[in-house]
Amino acid sequence: MSETVPGPAPEVFAPHKAPVSPPQASEEVEFVQLLTPEGERVEHPDYTFDLDDEAIKGFYRDMVLVRRIDAEATALQRQGELGLWASLLGQEAAQIGSGRALNRKDMVFPTYREHGVAWCQGVNPLNLLGLFRGVDQGAWDPKDNNFHLYTIVIGAQTLHATGYAMGQQRDHAIGDAESGEATIAYFGDGASSQGDVNEAFIWASVFNAPVVFFCQNNQWAISEPIDRQTRIPLYQRAAGFGFPGVRVDGNDVLATYAVTQQALKRAREGSGPSLIEAYTYRMGAHTTSDDPTKYRLNEDLEHWKLKDPIERVHAYLTRHAGVDHDYFEELDAEADKIAAELRAGCLALPDPVLTDFFQNVYVDETPQLAEQREQFAAYAASFEGEG
């Protein structure tokens, strides 16, 4: 009787142990595109960009200034002036295109990377730096700019956005595509795996909430590639929840604007939620505490540099809109001036009075919170005179 030697068990799960390549944005990837990486306008059967070249110049200015602000913030963190920074490098078109599609009544619920949308909404970039410097908990009032505070808990803002949108619905603030209100929630491809996001999809669908879910699929959830989040394109998930989804070239500011504008109009008129997947790429690290060379290939980065969202608009403006070199030089000078002012403002931010943080928990202080504040004040006072 011979002994049967079992073969190797089938591999059920094989975690990647070396840098891997996520899907690349190439011709076989289907998405809405209105401006090619070479700076050529193209047509799409369902979406059009109906603004003029002056508007495109404005989008270009937005992206250049936001990238410069982002670079300055990264430098400040490297020099020990910020505790952390989450760069948007490579995602400028997704943020500026969608941000400029908003009207004055729409409400934004960001993650912690939507510096470009904050810019579009008029939030002072210095307020963003105060949060990452640790001197405040977010120094802007969401009501002033219709831009909520940054959300660190991954995906939680989609629930907040859905609830807010349901409030807009109950306040009868919807019904007209132009003058109505809508909500937009930003999140990443990694957040799409969170339960909060999927629960928000369910609630928004069932209650027909006027919310646009805007997923910036930058291919990496920290060190995990997109194929660890989904086996189908992310925008197709919307069908399972009962509302439309669309994938847009997230490096194309014109297409992003057109797609977001249509989704927002749909929400404002009362037709319910939509999911936009902006197919883009995170050119930098997840945050300044991350080293992307440990998990992704350099050739992928080089491949995506050819699809740079700013360079394609630069190509269009110079070849087709008659914009001369002086405009770009003046814009670079403006960017440097803003960066210098931002740096000086950051260094001048005063240290916080730590007991003041207790005032921002409830409208009316509870006895328990008052006791905690007093205990903390006594603890902090015990260190006075030391050193």
Side-chain angles (χ1 to χ4, degrees), residues 53-102 104 108 110-136 138-142 144-147 149-150 186 216 251 253 256-257 282-285 287-288 308-314 317-318 321 323-350:
D53 286 345
E54 282 301 308
I56 298 177
K57 283 177 64 177
F59 288 175
Y60 181 81
R61 175 180 177 272
D62 288 334
M63 291 193 292
V64 168
L65 296 183
V66 165
R67 179 172 288 189
R68 186 66 182 85
I69 290 168
D70 183 70
E72 194 65 28
T74 299
L76 283 164
Q77 192 283 329
R78 295 308 190 203
Q79 295 158 10
E81 301 298 340
L82 299 181
L84 189 74
W85 182 252
S87 174
L88 57 60
L89 183 62
Q91 298 176 223
E92 294 89 354
Q95 296 194 16
I96 297 302
S98 61
R100 288 305 180 195
L102 296 160
R104 296 176 63 183
V108 179
T111 64
Y112 44 77
R113 198 187 302 276
E114 274 67 59
H115 321 312
V117 186
W119 171 266
C120 292
Q121 293 295 96
V123 177
N124 188 337
L126 186 59
N127 284 340
L128 306 181
L129 266 59
L131 179 62
F132 286 95
R133 190 171 170 86
V135 300
D136 58 57
W140 66 94
D141 188 336
D144 291 342
N145 305 90
N146 279 20
F147 187 83
L149 296 175
Y150 275 3
Y186 289 86
Q216 293 177 85
N251 285 13
V253 70
T256 305
Y257 174 87
R282 169 166 55 81
M283 300 291 284
T287 68
T288 47
D308 186 278
I310 296 180
E311 289 303 317
R312 71 174 67 185
V313 181
H314 184 280
L317 292 176
T318 54
V323 179
D324 59 25
H325 185 67
D326 290 345
Y327 171 78
F328 299 110
E329 282 195 338
E330 292 171 2
L331 182 55
D332 287 341
E334 181 185 5
D336 288 341
K337 181 175 182 293
I338 289 175
E341 292 172 349
L342 185 66
R343 169 174 287 273
C346 178
L347 299 182
L349 287 171

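Side chains included, hydrogens not; waters and symmetry mates left out as well; all remaining heavy atoms used.
- In this structure, S98 and Y257 have side chains that are not in contact, with every pair of non-hydrogen atoms separated by 4.5 Å or more.
- Neither side chain, W140 nor N145, offers a donor N or O lying under 3.5 Å from an acceptor on the other.
- No side-chain N or O of R104 forms a donor-acceptor pair with one of Q121 less than 3.5 Å apart.
- Taken to the nearest 0.5 Å, the SG atom of C346 stands 10.0 Å off from the CD atom of Q79.
- Expressed to the nearest 0.5 Å, how far CG of D324 lies from OG1 of T318 amounts to 10.5 Å.
- Residues P125 and W119 are in side-chain contact: their nearest non-hydrogen atoms beyond the backbone lie under 4.5 Å apart.
- The shortest side-chain heavy-atom distance between V313 and F59 does not fall under the 4.5 Å cut-off.
- In this model, no donor atom of one side chain and acceptor atom of the other lie less than 3.5 Å apart for Y112 and T287.
- Of all the heavy atoms in T74 and S87, the pair that sits closest is OG1-CB, 4.4 Å.
- Considering all non-hydrogen atoms of both residues, A139 and N127 come closest at CB-OD1, 3.7 Å.
- Between L76 and F132, every side-chain heavy-atom pair lies at or beyond the 4.5 Å cut-off.
- Taking the six-membered ring for Trp, F328 and Y60 have ring centres closer than 6.0 Å.
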TODO: Give the intermediate values and the outcome of salt bridge (charged side-chain N to carboxylate O under 4.0 Å, His left out) for residues D62 and R67.
DONE: CA-CA 9 Å; D62 288 334; R67 179 172 288 189; over 6 Å; no
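- We find the CD-CG distance between E72 and L82 to be 10.0 Å, quoted to the nearest 0.5 Å.
- The distance from atom OG1 of T288 to atom CZ of R78, rounded to the nearest 0.5 Å, is 5.5 Å.
- Nearest heavy atoms, L129 versus A73: CD1-CB, 4.2 Å.
- Under the 3.5 Å distance criterion, the side-chain polar atoms of R61 are left unmatched by any main-chain donor or acceptor of L331.
- Between the side chain of E92 and the backbone N or O of G90 there is at least one donor-acceptor pair closer than 3.5 Å.
- With D70 contributing its side chain and L88 its backbone, the two residues share a donor-acceptor pair below 3.5 Å.
- The two residues A118 and L128 come nearest to each other via the heavy atoms CB-CD1, 4.2 Å.
- Of the inter-residue distances, the one linking E114 atom CD with C120 atom SG reads 11.5 Å to the nearest 0.5 angstrom.
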Q: Give the intermediate values and the outcome of side-chain contact (heavy atoms from CB on, under 4.5 Å) for residues L349 and L126.
A: CA-CA 9 Å; L349 287 171; L126 186 59; 4.2 Å; yes
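- The aromatic rings of H115 and Y150 sit tilted, their planes meeting at an angle between 30° and 60°.
- Heavy-atom minimum distance, G99 versus V117: CA-CG1, 4.4 Å.
- Atom CG of residue N251 and atom CE of residue M283 lie 8.5 Å apart, to the nearest 0.5 angstrom.
- Residues V64 and I310 have side chains in contact (heavy-atom distance under 4.5 Å, counting atoms from C-beta outward).
- Judged by distance alone, with hydrogens and angles left aside, the side-chain atoms of R282 form a donor-acceptor pair with the main-chain N or O of G284 at under 3.5 Å.
- A donor-acceptor pair is defined here as one N or O able to donate and one able to accept, closer than 3.5 Å; such a pair exists between the side chain of Q95 and the backbone of R113.
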Could you walk me through whether V323 and K57 pass the side-chain contact (heavy atoms from CB on, under 4.5 Å) check? CA-CA 9 Å; V323 179; K57 283 177 64 177; 3.9 Å; yes
_salt bridge (charged side-chain N to carboxylate O under 4.0 Å, His left out) between K337 and E334, intermediate numbers included_ = CA-CA 5 Å; K337 181 175 182 293; E334 181 185 5; over 6 Å; no
